[in-house]
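For reference, positions follow the sequence shown, starting with 1.
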Amino acid sequence: MPMGHTATAQAGSGGLTATEHRLANGLRVVLSEDHLTPVAAVCLWYDVGSRHEVKGRTGLAHLFEHLMFQGSGQVKGNGHFELVQGAGGSLNGTTSFERTNYFETMPTHQLELALWLEADRMGSLLAALDEESMENQRDVVKNERRQRYDNVPYGTAFEKLTALAYPEGHPYHHTPIGSMTDLDAATLEDARTFFRTYYAPNNAVLSVVGDIDPEQTLAWIDKYFGSIPSHDGKQPPRDGSLPEIIGEQLREEVHEEVPARALMAAYRLPHDGTRECDAADLALTVLGGGESSRLHNRLVRRDRTAVAAGFGLLRLAGAPSLGWLDVKTSGGVEVPQIEAAVDEELARFAAEGPTPEEMERAQAQLEREWLDRLGTVAGRADELCRFAVLFGDPQLALTAVQRVLDVTAEEVQEVAKAQLRPDNRAVLVYEPVESAEPADTDETDADDTDAHEGAGK
């Protein structure tokens, strides 16, 4: 049986608890009881994302996320979806730079089914992986790229800014969606090797949260996952460290069929898991987090030069995080006017810092967001996995709210002064072009074979 320890509520955890266990094959298990409603969430994080890919094989992590829904040793075709949804549950999976996750929320009495399904595809996916499923999901992912990136306004902005912010050869230079060329180049043997390397129990964390009996849940986990062999062939991800400051303003102008001019920028910020990253999150919340933020008040309400202005944080553990600025202009306003106003507001914030009222509002906003995530069984399961995979300690998820509340206004000002600077950003400027005459067709890129949705960036 797996080894574990008893739950003890930590200071600042709001009474939430989690226990940690490890199977003999290396699978880490985190359990958190919550008997408020008769549901249970199962979340499985594999320590593999686009940062583990190599040049010429980008998009393989995301492609494999789709392949995981194409059947396994005991579950044929679309059976994973059919069984979970038929039992009254919901499910999905996503891919990011740093992980791939799979999750189900089930009525409590169907928890064993979800655990069996996840174990079956971890242990026997290769029995069902063939050329037909490979080609099917390759086409699905290519259609997803067309629908979400290539054929929508501003759709490639994330890809372009990431490529600017992280230099060529950096593990975060490309996004999880991958390129069309690399998707075409991926072979069945590439997929099989990828699975053997990364989809092993010793490269995963399984969390189960909700109305559970811990002893029975552990018995099921040991029964279904315990016999899956570990694998030791994984190489550590390439080093993602970079200087804190880019050192210059990197810039690209894009002429596309978009509704309005836009200014987008990515600022290099502290790594996730640090106090400085929490301070950066608060800074961006004051500056661009909602309709009470400084940039919204300045650009949208006062100057009326923009129809939308937001500033958010893309947290990353293995590379500098990105502060993501997105401003859509109003009418015929030129981007230089917007950019000058943004720089003026950032400089004023760096010089003065947040007011006490702004700090209180920003901390309350982030506290609410954290409590929203931890307050649902699915959100808590995901956060427990995240902190276990990226930082080695799932218990950190339960005290994240308190860490945000402990940050001072001086720390927020310091990170803004140090890093929200013109020489520390990649800038994307969108200029609209006249659209061509629409083609007389009702064709669409939609593919109704793609039952799997929500593959994250």
Side-chain angles (χ1 to χ4, degrees), residues 1-10 13 16-35 39-48 68 72 80 84 89 91 93-94 98-125 198-232 234 373-374 376-400:
M1 283 293 293
M3 301 299 292
H5 59 71
T6 56
T8 303
Q10 299 184 62
S13 69
L16 300 178
T17 62
T19 61
E20 302 169 53
H21 315 267
R22 191 182 292 270
L23 302 193
N25 59 9
L27 178 68
R28 296 181 68 184
V29 178
V30 185
L31 305 181
S32 180
E33 288 184 77
D34 184 339
H35 301 288
V39 295
V42 173
C43 185
L44 189 60
W45 271 46
Y46 290 94
D47 186 9
V48 58
M68 285 282 278
S72 49
H80 197 109
V84 170
L91 71 162
T94 69
E98 300 182 320
R99 58 95 184 108
T100 309
N101 66 346
Y102 304 90
F103 43 93
E104 296 89 7
T105 300
M106 307 289 283
T108 297
H109 68 283
Q110 297 288 1
L111 172 60
E112 184 181 8
L113 172 63
L115 293 171
W116 175 77
L117 285 167
E118 288 295 356
D120 192 61
R121 59 181 174 182
M122 178 190 282
S124 66
L125 187 98
Y198 295 109
Y199 279 75
N202 53 318
N203 195 48
V205 173
L206 172 67
S207 67
V208 185
V209 176
D211 185 26
I212 63 173
D213 176 332
E215 185 176 345
Q216 176 63 76
T217 302
L218 279 173
W220 284 331
I221 292 170
D222 189 54
K223 175 182 178 181
Y224 297 123
F225 289 89
S227 61
I228 302 172
S230 60
H231 182 79
D232 298 325
K234 177 188 172 184
R373 290 199 291 275
L374 295 177
T376 67
V377 293
R380 194 185 319 159
D382 192 57
E383 291 298 337
L384 289 168
C385 279
R386 181 168 83 92
F387 280 92
V389 169
L390 299 180
F391 309 111
D393 185 2
Q395 306 292 341
L396 291 171
L398 306 182
T399 55

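- A pairwise comparison of heavy atoms in A200 and H231 identifies CB-CB, 3.7 Å as the closest pair.
- Using modelled atom types and a 3.5 Å distance limit, the side chains of N202 and S230 yield no donor-acceptor pair.
- Between A18 and L384, the shortest heavy-atom distance links the atoms CB-CD2, 4.0 Å.
- Below 30°, between 30° and 60°, or above 60°: for Y46 and Y102 the angle between ring planes is above 60°, a perpendicular geometry.
- One N or O on the side chain of N203 and one on the backbone of Y198 form a donor-acceptor pair closer than 3.5 Å.
- Defined by atom type and a distance below 3.5 Å, a donor-acceptor pair is present between the side-chain atoms of Y224 and E112.
- With rounding to the nearest 0.5 angstrom, the CD atom of E118 is 9.0 Å from the SG atom of C43.
- When each of L23, N25, L27 is tested with I228 by the rule side-chain contact (heavy atoms from CB on, under 4.5 Å), just one qualifies, namely N25.
- Of all heavy-atom pairs spanning D213 and E215, the tightest one is OD1-N, 3.0 Å.
- The NE2 atom of H80 lies 5.0 Å from the CG atom of L117; values are rounded to the nearest 0.5 Å.
- For R28 (side chain) and A388 (main-chain N/O), a donor-acceptor pair under 3.5 Å exists by modelled atom type.
- Partners of F387 according to the ring pair (Phe, Tyr, Trp, His ring centres under 6.0 Å) rule, which considers only residues two or more places apart in sequence or in another chain, are F391.
- The only member of T100, V205, V389 that meets side-chain contact (heavy atoms from CB on, under 4.5 Å) when paired with D47 is V389.
- When the salt bridge (Lys or Arg N to Asp or Glu O under 4.0 Å) test is applied to E104, the partners found at least two apart in sequence or on another chain are R121.
- S72 and D120 share a side-chain donor-acceptor pair at under 3.5 Å.
- Inspection of the T94 and R99 side chains reveals an N or O donor paired with an N or O acceptor under 3.5 Å.
- Rounding to the nearest 0.5 Å gives a distance of 12.5 Å between OG of S32 and CD of E383.
- Separating the CZ atom in F103 from the OG1 atom in T105 is a distance of 8.0 Å, to the nearest 0.5 Å.
- In this structure the side chain of L115 reaches within 4.5 angstrom of the side chain of V42, judged on heavy atoms.
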